[in-house]
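Here the structure is a predicted model, which means the values were calculated and not measured.
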Amino acid sequence: MNKYYLDYLEQLEAEAIHIMREVAGQFQKPALLFSGGKDSITLVRLAEKAFRPGKFPFPLVHIDTGHNFPEAIRYRDELAERLGEKLIVRHVEDTIKKQNLSEPTGRYASRNGLQTYTLLETIEEFGFDACIGGARRDEEKARAKERIFSVRDEFGQWDPKRQRPELWNIYNGRITLGENVRAFPISNWTELDVWNYIKREGIELPNIYFTHERECLVRDGKLMATSDFIHRDPEEEVVTRNVRFRTVGDMTCTAAVESIAYDIDSVIAEIVDSKISERGATRIDDKLSETAMEDRKKGGYF
């Protein structure tokens, strides 16, 4: 008798599909947070496998800071239209005006932290009780503390001491009025797993994930794509380099890496040889303090 065998990517895929179906089964109004980055693109493919030929049991939701890479925004809109799924976009700019927030200024100014206010507004506006996100435990030490079903209180705050056990792939989505859950189906994946899955599935990505020539600002040894959103100090050099982006956040806090990876096989080979995580290599906002990510998560960040 033949044994039923799943390779490691199929095991990760099966686990993620199970988690997505658990979210759909346990919650009344879930949403999938979608930015046009590779991790949320992977979530969309997993949702197709979990729920097609039916429609997704949740909308795609993007919290747009206004400082995103245009290539990612273009991809976001094109994918939602091609899939025929509902896309909800809410803008940090509107929240700044509505709540009279102070926008960060200075050399490291970024709206990334202000996304939390808009996300919490959006959760309240639509009554979402669960938000599916593409966070992975290998990204950052605060991510590694979080369960797959992460309960947030009525203020959207995360308390690492309130983590629930998740034995035998049993996920407890019970919440009280006002609470919500952030669910992370690819929490157990690595950056390399995501890229191998993208290769296997033949998923198209925004072109900024592959090597291209770009004008960059050299800041603290990192290459930042030049844009109108970044304040340049007079002594900072502007150079043209062949670069790609390992992760796609705001242009104000996401650095590029020099690369000759023009195709997916070259990207995978580059990641295998890398000695530093994608966020460690490219995310300026995680460098502002030792607990930058954890502090944001405690305040309601995804």
Set out, in order, the CA-CA distance, both residues' side-chain angles and the distance that settles side chain to side chain contact (heavy atoms under 4.5 Å, CB included) for L33 and I132, then state yes or no.
CA-CA 6 Å; L33 302 178; I132 301 169; over 6 Å; no
If we only count heavy atoms from C-beta on, is the [X] to [Y] side-chain gap below 4.5 Å?
{"X": "P104", "Y": "L114", "result": "yes"}
{"X": "D233", "Y": "H231", "result": "yes"}
{"X": "I41", "Y": "P206", "result": "yes"}
{"X": "V248", "Y": "T254", "result": "no"}
{"X": "D138", "Y": "D193", "result": "no"}
{"X": "F34", "Y": "L43", "result": "no"}
{"X": "R246", "Y": "K38", "result": "no"}
{"X": "E13", "Y": "R200", "result": "yes"}

Quick check: are there more than 12 heavy atoms from other residues, nucleotides or ligands sitting under 6.0 Å from [atom1] of [X]?
{"X": "E125", "atom1": "CD", "value": "yes"}
{"X": "I260", "atom1": "CD1", "value": "no"}
{"X": "E103", "atom1": "CD", "value": "yes"}
{"X": "E154", "atom1": "CD", "value": "yes"}
{"X": "K49", "atom1": "NZ", "value": "yes"}
{"X": "L167", "atom1": "CG", "value": "yes"}
{"X": "D263", "atom1": "CG", "value": "yes"}

Given the rule in the side-chain hydrogen bond (donor to acceptor under 3.5 Å, both in side chains) test, do Y117 and Q99 qualify, once you have shown the distances and angles that lead to the verdict?
CA-CA 9 Å; Y117 295 93; Q99 298 192 27; over 6 Å; no
Are [X] and [Y] connected, step by step, through hydrophobic side chains (Ile, Leu, Val, Met, Phe, Trp, Tyr) whose heavy atoms are closer than 4.5 Å?
{"X": "V243", "Y": "F69", "value": "no"}
{"X": "V218", "Y": "I230", "value": "no"}
{"X": "I203", "Y": "V267", "value": "yes"}
{"X": "I170", "Y": "V181", "value": "no"}
{"X": "Y262", "Y": "Y209", "value": "no"}

Given 3.5 Å as the limit, does a donor-acceptor pair link the side chain of [X] with the main chain of [Y], or not?
{"X": "E179", "Y": "T176", "value": "yes"}
{"X": "R164", "Y": "N172", "value": "yes"}
{"X": "T65", "Y": "N112", "value": "no"}

Measuring from atom [atom1] of [X] to atom [atom2] of [Y], what distance do you get when rounded to the nearest 0.5 angstrom?
{"X": "I19", "Y": "Y171", "atom1": "CD1", "atom2": "OH", "value": "4.0 Å"}
{"X": "H212", "Y": "R241", "atom1": "NE2", "atom2": "CZ", "value": "14.0 Å"}
{"X": "D94", "Y": "K98", "atom1": "CG", "atom2": "NZ", "value": "7.0 Å"}
{"X": "L46", "Y": "E201", "atom1": "CG", "atom2": "CD", "value": "8.0 Å"}
{"X": "S227", "Y": "L217", "atom1": "OG", "atom2": "CG", "value": "9.5 Å"}
{"X": "N68", "Y": "I73", "atom1": "CG", "atom2": "CD1", "value": "4.0 Å"}

Do the side-chain N and O atoms of [X] and [Y] include a donor-acceptor pair separated by under 3.5 angstrom?
{"X": "R90", "Y": "T95", "answer": "no"}
{"X": "H62", "Y": "R76", "answer": "yes"}
{"X": "D39", "Y": "T42", "answer": "no"}
{"X": "N207", "Y": "Y75", "answer": "no"}
{"X": "S259", "Y": "E270", "answer": "yes"}
{"X": "E215", "Y": "T226", "answer": "yes"}
{"X": "N169", "Y": "E166", "answer": "no"}
{"X": "T118", "Y": "Q115", "answer": "no"}
{"X": "N242", "Y": "E258", "answer": "no"}

Any idea how [X] and [Y] line up, ring-wise: parallel (<30°), tilted (30 to 60°), or perpendicular (>60°)?
{"X": "F128", "Y": "F126", "result": "parallel"}
{"X": "W195", "Y": "F210", "result": "perpendicular"}
{"X": "F229", "Y": "H67", "result": "parallel"}

Test side chain to side chain contact (heavy atoms under 4.5 Å, CB included) applied to T240 and R214, step by step:
CA-CA 6 Å; T240 299; R214 200 176 197 111; over 6 Å; no
How close do [X] and [Y] get, counting heavy atoms only, and between which atoms?
{"X": "V44", "Y": "L83", "answer": "CG1-CD1, 3.3 Å"}
{"X": "A225", "Y": "F245", "answer": "CB-CZ, 4.0 Å"}
{"X": "F27", "Y": "G173", "answer": "CE2-O, 3.3 Å"}
{"X": "M20", "Y": "A50", "answer": "CB-CB, 4.5 Å"}
{"X": "I186", "Y": "G134", "answer": "CD1-O, 3.6 Å"}
{"X": "D7", "Y": "L9", "answer": "OD1-N, 3.1 Å"}

[X]/[Y] ion pair, N-O < 4.0 Å:
{"X": "E71", "Y": "R74", "result": "no"}
{"X": "R82", "Y": "E48", "result": "no"}
{"X": "K222", "Y": "D220", "result": "no"}

Run the numbers on L101 and V92 for side chain to side chain contact (heavy atoms under 4.5 Å, CB included), then give the verdict.
CA-CA 10 Å; L101 300 175; V92 171; over 6 Å; no
Using the ring centroid of each side chain, check whether Y8 and Y197 are separated by less than 6.0 Å.
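No, they do not, as the ring centres are separated by 6.0 Å or more.
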Test log, rule salt bridge (charged side-chain N to carboxylate O under 4.0 Å, His left out), inputs R111 and E93:
CA-CA 9 Å; R111 289 179 175 177; E93 179 77 33; 2.5 Å; yes
Pair R174-Q26, side chain to side chain contact (heavy atoms under 4.5 Å, CB included): steps then yes or no:
CA-CA 8 Å; R174 183 176 296 176; Q26 292 194 43; over 6 Å; no
Test applied, salt bridge (charged side-chain N to carboxylate O under 4.0 Å, His left out); reference residue, E146; option that passes from R152, R182, R137
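That would be R152.
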